[in-house]
Amino acid sequence: MTKSRRPPLRRSPSIRYDECVDYKNTNLLRRFVSEQGKILSKRINRLTSKQQRLVATAIKRARILALLPFSNNEN
């Protein structure tokens, strides 16, 4: 019995070329924060190292300016 080989699935990039990573773009930054308020890893986000650094600094700036919450305290 032979296994059928499928081509690897191409995932869509998590940051499109027309989106800028900025602390004011909270809709974009919310995609990279978990339900508990933690910054997700680049493996889960499918980001490059440079993009992950930009996202992390933008999230931290948005948290300081109260655009994003530090944690989710709904429990």
Side-chain angles (χ1 to χ4, degrees):
M1 187 186 259
T2 61
K3 241 183 175 176
S4 66
R5 288 200 153 240
R6 287 189 292 177
L9 296 175
R10 300 263 4 221
R11 294 183 181 178
S12 63
S14 52
I15 297 178
R16 295 192 307 266
Y17 66 93
D18 59 341
E19 292 178 321
C20 70
V21 178
D22 192 21
Y23 68 93
K24 294 174 273 188
N25 193 354
T26 57
N27 292 331
L28 174 70
L29 297 179
R30 286 182 201 275
R31 293 192 301 191
F32 305 112
V33 178
S34 71
E35 294 290 325
Q36 293 83 26
K38 295 182 180 179
I39 300 173
L40 296 173
S41 69
K42 74 173 192 168
R43 182 178 52 84
I44 296 172
N45 289 335
R46 301 187 312 260
L47 296 175
T48 63
S49 296
K50 186 175 183 178
Q51 289 173 333
Q52 180 70 18
R53 285 193 301 271
L54 289 172
V55 166
T57 55
I59 289 172
K60 290 173 186 176
R61 285 181 182 163
R63 284 175 175 169
I64 290 172
L65 293 172
L67 299 175
L68 285 177
F70 277 95
S71 64
N72 189 3
N73 294 331
E74 291 182 0
N75 292 346

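Predicted model, so just to flag it, every value in this text is computed and none were measured. Heavy-atom basis, side chains included; hydrogens, waters and symmetry copies ignored.
- To the nearest 0.5 angstrom, L40 atom CG is 11.5 Å from R46 atom CZ.
- No side-chain heavy atom of Q51 sits under 4.5 Å from any side-chain heavy atom of V21.
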### Task
Go through the steps for K24 and L65 under the test side-chain contact (heavy atoms from CB on, under 4.5 Å), then give the verdict.
CA-CA 10 Å; K24 294 174 273 188; L65 293 172; over 6 Å; no

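- Take S34 and apply the side chain to side chain donor-acceptor pair (under 3.5 Å) test, not counting sequence neighbours, and it matches Q36.
- Partners of E35 under the side chain to side chain donor-acceptor pair (under 3.5 Å) rule, at least two apart in sequence or in another chain, do not exist in this structure.
- To the nearest 0.5 Å, atom CG of residue N45 and atom CZ of residue R31 are 9.5 Å apart.
- A single hydrophobic cluster is seen to contain both F32 and L68, as judged by linkage of ILVMFWY side chains at heavy-atom distances under 4.5 Å, directly or through other members.
- Here the closest non-hydrogen pair linking L29 and A62 is CD1-CB, 4.1 Å.
- Here the closest non-hydrogen pair linking A58 and Y23 is O-CB, 3.5 Å.
- Every residue two or more places apart in sequence or in another chain was checked for a salt bridge (Lys or Arg N to Asp or Glu O under 4.0 Å) with R53, and none qualifies.
- Here the straight-line distance linking atom CD1 of I59 with atom CD1 of I64 works out to 12.5 Å at 0.5 Å rounding.
- Checked against I15 for a side-chain contact (heavy atoms from CB on, under 4.5 Å), the options T48, L47, L54 give a single hit: L47.
- Summarising the geometry, atom NZ belonging to K60 is positioned 10.5 Å from atom CZ belonging to F70; distances are rounded to the nearest 0.5 Å.
- Residue-environment remark: CZ (R63) exceeds the threshold of 12 foreign heavy atoms within 6.0 Å.
- Taking the side chain as every heavy atom from C-beta outward, V55 and K42 never approach each other to under 4.5 Å.
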